Participant: 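Let me give you the structure first, and then I'll get to my questions.
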There are 2 protein chains.
Amino acid sequence: MQRRVYEDSVSTSYCDTCAIRNRAICAGLQDDEISLLNAIGRRRHLKAGERLLWEGDEAVLVANVIEGVLKLSTQTVDGKEQILGLAYASDFLGRPFGKTTPYGVEALTDAHVCIFQRADFDRVAREHPGLQHKLLERTLSELDRTRRWMLLLGRMNAEQKLANFLLEMSVRRANVGCADVPGEADVWALPLSRQQIADVLGLTIETVSRQFTKMKKDGLIDLPSRREVAILEHAKLEDLAA
Amino acid sequence: MQRRVYEDSVSTSYCDTCAIRNRAICAGLQDDEISLLNAIGRRRHLKAGERLLWEGDEAVLVANVIEGVLKLSTQTVDGKEQILGLAYASDFLGRPFGKTTPYGVEALTDAHVCIFQRADFDRVAREHPGLQHKLLERTLSELDRTRRWMLLLGRMNAEQKLANFLLEMSVRRANVGCADVPGEADVWALPLSRQQIADVLGLTIETVSRQFTKMKKDGLIDLPSRREVAILEHAKLEDLAA
DNA sequence: TTGCAGCATTGATCTGGGTCAAGGACGGCG
DNA sequence: CGCCGTCCTTGACCCAGATCAATGCTGCAA
């Protein structure tokens with residue numbers, strides 16, 4: 001069980017030079033807490049498509065996303081997939097203080113994560129209120145975000161869903177790099193296939209495709225290639241998203 | 001702003017005799033922690049339909065549900081309501097460590113809650129890791145539950161949605177009282193109107209009504225009155241829910 | 001370069017659930 | 001007791017998005 005976790009690219013993590021040192025749960029921790037995390041954490045590289053956690057598995061590890069995009073998902077009984085959320089740099093993955101992992105995690109792009117054996121992490125968290133507090137804050141905002149997504153799934157039509165998806169994607173990946181340059185074209189690579197977008201939004205691949213085509217025809221976006229999007233009319237897209 | 005919070009039924013809370021003393025975040029706390037909570041918490045009675053929190057308000061308070069059922073909800077731009085979840089006895093309400101309340105809270109039945117000024121609660125939580133840990137565990141399971149609900153909203157048809165709703169309702173309210181008596185008929189009062197059920201499930205009132213009628217005709221449930229449900233064929237309902 | 005495998009797009013058709021509209025049941029109140 | 005307001009049910013119709021099916025594009029491998 002553990003083998004598949006440790007089979008490659010393990011190296012010591014160096015919090016000092018970590019890209020998300022100031023944004024993840026590590027932000028604002030005291031030096032001794034950081035060095036404890038440093039001691040139990042390891043970096044791991046994931047190739048696009050590689051899995052980090054399997055739904056229902058014993059929850060043996062938790063992780064911080066350092067770079068890349070990952071998806072959290074469950075299967076329905078009839079084999080369809082529902083993506084429960086996406087994780088970007090500085091997001092936290094896994095289920096501390098729990099027995100099993102309630103969803104699968106798979107890298108959509110090549111990714112770097114900082115992994116902890118759950119038992120180690122739980123222990124450090126219990127002993128260090130500062131860390132636990134960070135984790136609580138993060139979990140609370142994740143809960144808020146998830147609840148907002150429920151509104152999207154429960155009450156929006158296909159057009160609104162896709163507009164919201166593109167806008168959220170644009171914001172979340174902008175946060176990852178440097179600040180937005182206003183006026184700069186909002187062009188980026190989509191880390192998801194059409195099928196995966198459909199799974200995120202609770203739609204079918206055909207509907208997603210048709211909505212893309214329509215938005216392009218209307219001049220709201222451009223699609224330079226299958227895996228690239230340019231948001232041309234940000235304001236109009238936001239109107240749709242409402 | 002605070003007036004509407006304190007306008008009635010305020011009395012000192014007595015954790016010792018509290019019905020949820022051993023199930024809410026209070027469970028397993030040390031005596032000194034309990035007495036601190038006791039000092040800052042107050043009981044409040046809510047009539048069915050009364051609101052405790054308003055979406056977007058400054059987050060001035062948090063609360064534990066002692067008895068009754070409450071709904072968490074947001075409005076969409078076009079005025080529709082989406083219910084984000086239901087809260088039962090021992091559930092936690094509100095947004096600690098946050099500036100604004102991300103959803104409205106309204107009592108569906110007459111209810112008792114144990115309320116805390118958020119500032120007080122935050123302070124005690126920061127100073128008492130045990131409490132913070134409880135809160136973290138509760139938030140993590142709430143996140144899990146919410147994510148499972150996304151699957152319902154994103155991937156299920158009306159029949160599956162209603163079946164799941166009835167089963168969850170049955171379980172959650174059974175947890176509240178004594179243990180299930182096997183063989184005992186599973187009959188209880190619905191705390192939600194048809195419209196509210198529709199809002200929970202992302203459906204319309206007509207569709208909910210039709211599904212109820214169909215399940216009754218198929219002998220899966222009985223509807224002794226508008227606000228009562230009897231689950232007759234638990235197993236078959238579970239088949240539908242899958 | 002050709003062939004093939006996997007996405008993605010597009011079209012044609014079907015259908016679950018939304019919408020609109022008309023009663024029906026129940027309670028509260030004069 | 002009957003009137004009215006609210007909630008619920010039922011029917012008729014329609015449409016957004018699912019489903020089914022054919023074709024196009026792109027990249028890789030031989």
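Here the structure is a predicted model, which is why all the values come from computation and not from measurement. These values consider heavy atoms only, across backbone and side chains, with no hydrogens, waters or symmetry-generated copies. Just so it is clear: chains get the letters A, B, ... in the order the sequence lines come, proteins before strands, and each one is counted from 1.
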Participant: State, without any angle test, whether A/Gln160 and A/Asn164 hold a side-chain donor-acceptor pair at a distance under 3.5 Å.
Facilitator: no

Participant: Pick from B/Asn64, B/Ile66, B/Leu46: which one makes a side chain to side chain contact (heavy atoms under 4.5 Å, CB included) with B/Val113?
Facilitator: B/Leu46

Participant: Rounded to whole Å, please give me the gap between CD in B/Glu159 and P in C/dT15.
Facilitator: 17 Å

Participant: Would you say the base of D/dC7 and the side-chain of B/Arg226 have a donor-acceptor pair closer than 3.5 Å?
Facilitator: yes

Participant: How is A/Ser225 classified with respect to the nucleic acid when contacts are heavy atoms under 4.0 Å: base, sugar-phosphate, or nothing?
Facilitator: nothing

Participant: Which of these, B/Leu166, B/Leu167, B/Ile231, sits in a side chain to side chain contact (heavy atoms under 4.5 Å, CB included) with B/Asp186?
Facilitator: B/Ile231

Participant: For the pair made of CG in A/Asn157 and P in C/dG17, what is the distance, rounded to whole Å?
Facilitator: 17 Å

Participant: Output the rounded distance in Å from CG (B/Asp199) to C1' (D/dC7).
Facilitator: 14 Å

Participant: What is the distance, rounded to the nearest whole Å, between atom CZ of B/Arg155 and atom C1' of D/dG17?
Facilitator: 12 Å

Participant: Using atom CE of A/Met215 as one end and atom C1' of C/dT9 as the other, report the distance to the nearest whole Å.
Facilitator: 16 Å

Participant: If the test is side chain to side chain contact (heavy atoms under 4.5 Å, CB included), which one of B/Met215, B/Lys216, B/Glu228 qualifies with B/Asp222?
Facilitator: B/Lys216

Participant: Are the side chain of A/Thr213 and the backbone of A/Ser209 linked by a donor-acceptor contact shorter than 3.5 Å?
Facilitator: yes

Participant: If I take atom NZ in residue B/Lys216 and atom P in nucleotide D/dC8, what distance separates them, rounded to the nearest angstrom?
Facilitator: 14 Å

Participant: Mind calculating the distance between CG (A/Leu192) and P (C/dC7) to the nearest angstrom?
Facilitator: 14 Å

Participant: Measuring from the side chain of A/Ala158 (C-beta onward, heavy atoms only), which nucleotide among D/dT10, D/dG17, C/dT9 has the closest atom?
Facilitator: D/dG17

Participant: Restricting to non-hydrogen atoms, name the atom on B/Trp54 and the atom on B/Thr101 that form the minimum distance, rounded to 0.1 Å.
Facilitator: O-CB, 4.0 Å

Participant: Where the side chain of B/Asp110 meets the backbone of B/Lys47, is there a donor-acceptor pair that is under 3.5 Å apart?
Facilitator: no

Participant: Mind running a 4.0 Å heavy-atom check of residues 202-211 of chain A against DNA chain D and sending the residues that fall below it, in number order?
Facilitator: A/Gly202, A/Leu203, A/Thr204, A/Glu206, A/Thr207, A/Arg210

Participant: Specify the separation, in whole Å, of atom CZ of A/Arg227 and atom P of C/dC7.
Facilitator: 9 Å

